[in-house]
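We name chains A, B, ... by the order of the sequence lines, and we start the count at 1 in each one.
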There are 2 protein chains.
Amino acid sequence: MSHVPGLIQSIERSSAVLRLLAAGRLRVKEIADALDLPKSTAHSILRTLEHVGFVEQDTRTARYRLGRGLLELGEDGLDLNELRGRALNWADALAARGGEEVRIGALRDGHVVVVHHVFRPDDSVQSLDTGHLLPPHATALGKVLLAYNAPAVEVAVRAGLEAYTRRTLTLPRDLARSLTETRERGWSLSVEEWEAGRAGIAAPVRSFGGLVVGAIGVSGPVERLCDTRRQARPALVEHVTATARAITRDLAGS
Amino acid sequence: MSHVPGLIQSIERSSAVLRLLAAGRLRVKEIADALDLPKSTAHSILRTLEHVGFVEQDTRTARYRLGRGLLELGEDGLDLNELRGRALNWADALAARGGEEVRIGALRDGHVVVVHHVFRPDDSVQSLDTGHLLPPHATALGKVLLAYNAPAVEVAVRAGLEAYTRRTLTLPRDLARSLTETRERGWSLSVEEWEAGRAGIAAPVRSFGGLVVGAIGVSGPVERLCDTRRQARPALVEHVTATARAITRDLAGS
DNA sequence: CGGCACGTGCGACATTGTCGCACGCAGCCC
DNA sequence: GGGCTGCGTGCGACAATGTCGCACGTGCCG
C-alpha cells in the first residue's frame, strides 16, 4: 500500500471510505476488502466517521451509507435546540455555583443568539433573554465566539464596530488583540463594553475535532466579576471554563 | 480538547476542517485558530485533504476551500484518461519484460473498460482493444476489479454469470471463492474462462487511501502463462504485480 | 444444532501523527 | 529601502495515537 510520507494516512483512508460509500451502501467487511484493510481498522474508521455525522449505519442491514453531516456540510451539525438541551443543566449549575446570571449562545448570521438564560440565583427581577440577539464584538459571549471564527470577525469589522459604551472596542486592531488574548487564555472578558457597570466572562463550547459550536458565559456588575484592577476573578473564570469543558465533553460523548 | 478514546482523532479534526471550509474560505492560520491547533498540525491536515482532492487552495490568496473531490464525491476522482496517462509507459515496459500483451482497465457500469492495450512484442497481427468492454467475471482484469468492489459483484451475479467457455465461473459461490483468493494473493488468474486456450493474470492499481481505481493485466496462451498444473508462472506474476505497484506509487505521488 | 461469517470492542505496541522550529516570502511601516 | 512581522511550508524527533489481532456475541444456513 503506497502511502506518501508527510500525509496523514488515516485521513487518506477515511477519504477512500467516503468515496466507496458515495457509490453505494456497504458493510464493514466489504469496505475492509475493498481497501485491503483488517476489519478492525475499517471499523475504527467507520465508527469515527459515524461519530462526526459523515456516515450512518442502517441497524437492520448493518450497511453504512453517507450521513447527513456530510450531505449537508454547510450546517455546523449542531442545532440550537440540541446545544440548549445539552448545556442547560450545566448552565443552571454554573449560576448556582458562580452566583451570577448565565447565558449560552451561538453565532448565527453575525449575531450571538442566546439559547439559554439563567437568572442570577438571588435576583428577583430579571428579563428572560432567550432568543435575543447580542452584538458579538461587545459581549464576552460574542468575543469568545469571534475568537474562533475569522470570517465572522471580518463581517463585523466591515459592518463597523458600534460603540455601546465609551469602553466598547471600536478599532479593528483593538478587537483583534482582544480576540488573540481570548484564544491564548481560552476565555473572554468584557468590562463595560456592552453595558456600563457590567462585565462578562465566557468560554467556548466545542464539538468534534475541536469545532467551536457555542459559548457559555456569566455576566453581572463589574465589582462582582472583577478585582480592583478590572481583571476577571480567577475563581469565576475557573467555574466558567470548567463548565464549558463539561458541556464539550457531553457533546463529544454523543 | 475533549477527544473520545477509540475514535481516530485525526479524522475528527479533518471533519472539523471540512465543516469550517463549508462555511467559507480560510487560511491555514484561521483554521488553526478556530480549532486551537498549532499551525503545523492544521497544515498537515490541509495538505492531506488537498492531496485527496477534498480541499483546494487558491494560490493567489492562500485561502483554502472545499475541493471538487468532495463536492463531486460520487466520481472516483480518477478519470480514464488520467489512468491511461499515468499507466501507459508502465504497461509498455511490462509487455517488453513479460513478453505478453497487456491491458489496463477500470470498472464502469458493470463492465471492464480497456483504456490501454499493448500488443505482445513478437506478434504481427493484433486487434487493438482500447475502448472495448470486457465481462468482469470471466477475465483476469475483471476479476481483480470485482475482488475489491462488492456492489459490482452483486450486480454481476444478479445479471447472471454468462458462460463464455466451459470453464467460465457461472456459480456465484465459485466466483466468490475466486475473488477471495484474488484478494488474499493480491492478483487474479483466469484460465480459459474468457477464451479457450488463453489465460490472464492481473493486479489492482490503487489510489489514495487504498481505493482500487483500475487494474493492469497480461494475457496470452495458457501454455505460456501457466505451468503444467495450470498455475500462474511466478515470474510473470511478479512482473504484473510489480508494475501495478509502480503505477500505484505514481498515482500516489500526484 | 453446530459451524461459520460478521460486526463490535479491548488493549498492546509499533507506527504514525503531532508540532516546534527554521526558512523563505510578502506586506507594512518608518 | 530596510527592518520587522506574520504567514505558509516543510523537516524531523519522539510522544501519542492509530493499527489491528483477538475474543465475543449475534445471526444465518445447512
Side-chain angles (χ1 to χ4, degrees), chain A residues 1-17 25-52 55-65 150 153 172-173 176-177 179-180 183-184 209-210 253, chain B residues 1-17 21 25-52 55-65 150 153 172-173 176-177 179-180 183-184 209-210 252-253:
Chain A
M1 172 49 214
S2 185
H3 162 64
V4 184
L7 298 181
I8 301 172
Q9 182 177 218
S10 57
I11 294 179
E12 281 189 276
R13 284 176 169 168
S14 70
S15 79
V17 170
R25 300 170 177 212
L26 296 167
R27 311 172 67 122
V28 178
K29 180 75 163 71
E30 291 167 339
I31 289 165
D33 286 345
L35 303 176
D36 251 345
L37 293 178
K39 271 196 304 182
S40 287
T41 305
H43 183 248
S44 293
I45 294 169
L46 285 162
R47 184 171 51 194
T48 304
L49 290 172
E50 186 178 25
H51 194 73
V52 303
V55 155
E56 289 164 5
Q57 187 181 29
D58 182 325
T59 51
R60 186 177 54 88
T61 62
R63 285 179 183 272
Y64 288 86
R65 63 182 182 264
V153 179
R173 184 194 307 150
R177 186 182 301 119
L179 300 184
T180 298
R183 283 195 298 274
E184 284 165 358
Chain B
M1 172 48 214
S2 184
H3 162 64
V4 184
L7 298 181
I8 301 172
Q9 182 178 222
S10 57
I11 294 178
E12 280 189 276
R13 284 177 169 166
S14 71
S15 80
V17 169
L21 292 177
R25 301 171 177 212
L26 296 167
R27 313 174 65 124
V28 178
K29 179 77 163 71
E30 290 167 338
I31 290 165
D33 285 347
L35 303 177
D36 251 344
L37 294 177
K39 271 197 303 182
S40 287
T41 305
H43 183 246
S44 292
I45 295 168
L46 285 162
R47 186 171 49 192
T48 304
L49 289 171
E50 186 176 26
H51 194 73
V52 302
V55 156
E56 290 164 5
Q57 187 182 27
D58 183 326
T59 51
R60 188 177 52 86
T61 62
R63 286 179 183 272
Y64 287 86
R65 62 181 183 263
V153 180
R173 184 194 309 149
R177 186 182 302 116
L179 301 184
T180 298
R183 284 196 297 274
E184 284 165 357

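When the salt bridge (charged side-chain N to carboxylate O under 4.0 Å, His left out) test is applied to R65(B), the partners found at least two apart in sequence or on another chain are E56(B). Residues satisfying the side-chain contact (heavy atoms from CB on, under 4.5 Å) criterion with R27(B), sequence neighbours excluded, are E30(B), A62(B), R63(B). Under the side-chain contact (heavy atoms from CB on, under 4.5 Å) criterion, T59(A) pairs with no residue at all, not counting sequence neighbours.
H51(B) places a side-chain N or O within 3.5 Å of a backbone atom of A252(B) that can act as its donor or acceptor partner. No side-chain donor-acceptor contact under 3.5 Å links S14(A) to the backbone of I11(B). Judged by distance alone, the side chain of S15(A) and the main-chain N or O of V52(B) form no donor-acceptor pair under 3.5 Å.
Residue-level contact check: Q57(B) touches the backbone only, with heavy atoms under 4.0 Å from sugar-phosphate atoms and none from bases.
Remark: C1' of dC10(C) and CG of L7(B) are 14 Å apart, rounded to the nearest angstrom. Going from atom CZ of R173(B) over to atom P of dA5(C) covers 13 Å, rounded to whole Å. Following rounding to the nearest Å, L46(B) (CG) and dC7(D) (C1') show an atom-to-atom distance of 14 Å. Rounded to a whole Å, the NE2 atom of H43(A) is 16 Å from the C1' atom of dG11(C). Atom CZ of R27(A) is separated from atom C1' of dT26(D) by 12 Å (rounded to the nearest Å). Between the NZ atom of K29(B) and the P atom of dG6(D) there is a distance of 9 Å, rounded to whole Å. Atom P of nucleotide dG9(C) and atom CZ of R47(A) are separated by 6 Å, given to the nearest angstrom. Counting to the nearest Å, the C1' atom of dG6(D) and the CG atom of D33(B) are 12 Å from each other.
When side chains are defined from C-beta on, E50(A) counts as touching Y64(A), because their heavy atoms get closer than 4.5 Å. Inter-residue side-chain proximity for K29(B) and D33(B) is flagged as met; some heavy-atom pair is nearer than 4.5 Å.
Taking five base pairs at each end of the helix from dC1(C)-dG30(D) to dC30(C)-dG1(D), the local helix axes there meet at an angle of 40°, rounded to 10°.
Put simply, R13(B) has no side-chain N or O that comes within less than 4.0 Å of OP1 or OP2 on dG17(C). The shortest distance between the side-chain N/O atoms of S10(A) and the OP1/OP2 oxygens of dT16(C) is not below 4.0 Å.
For the pair V28(B) and S44(A), both in contact range of DNA chain D, the more 5′-proximal nearest nucleotide belongs to V28(B).
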Quick one: side chains of residues 35-45 of chain B, donor-acceptor pairs under 3.5 Å with protein atoms, not counting sequence neighbours, listed by atom name and distance.
| from | atom 1 | to | atom 2 | distance (Å) |
| --- | --- | --- | --- | --- |
| D36(B) | OD2 | R206(A) | NH2 | 2.7 |
| S44(B) | OG | S40(B) | O | 3.2 |
| S44(B) | OG | R47(B) | NH2 | 3.4 |

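When distances are taken from the side chain of Y64(B) to each of dT9(D), dC19(C), dT19(D), the shortest belongs to dT9(D).
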*Give the B/S/- string for nucleotides 20-28 of chain C, one per nucleotide from 5' to 3', where a protein heavy atom under 4.0 Å of the base yields B, of only the sugar-phosphate yields S, and otherwise -.*
BB-------

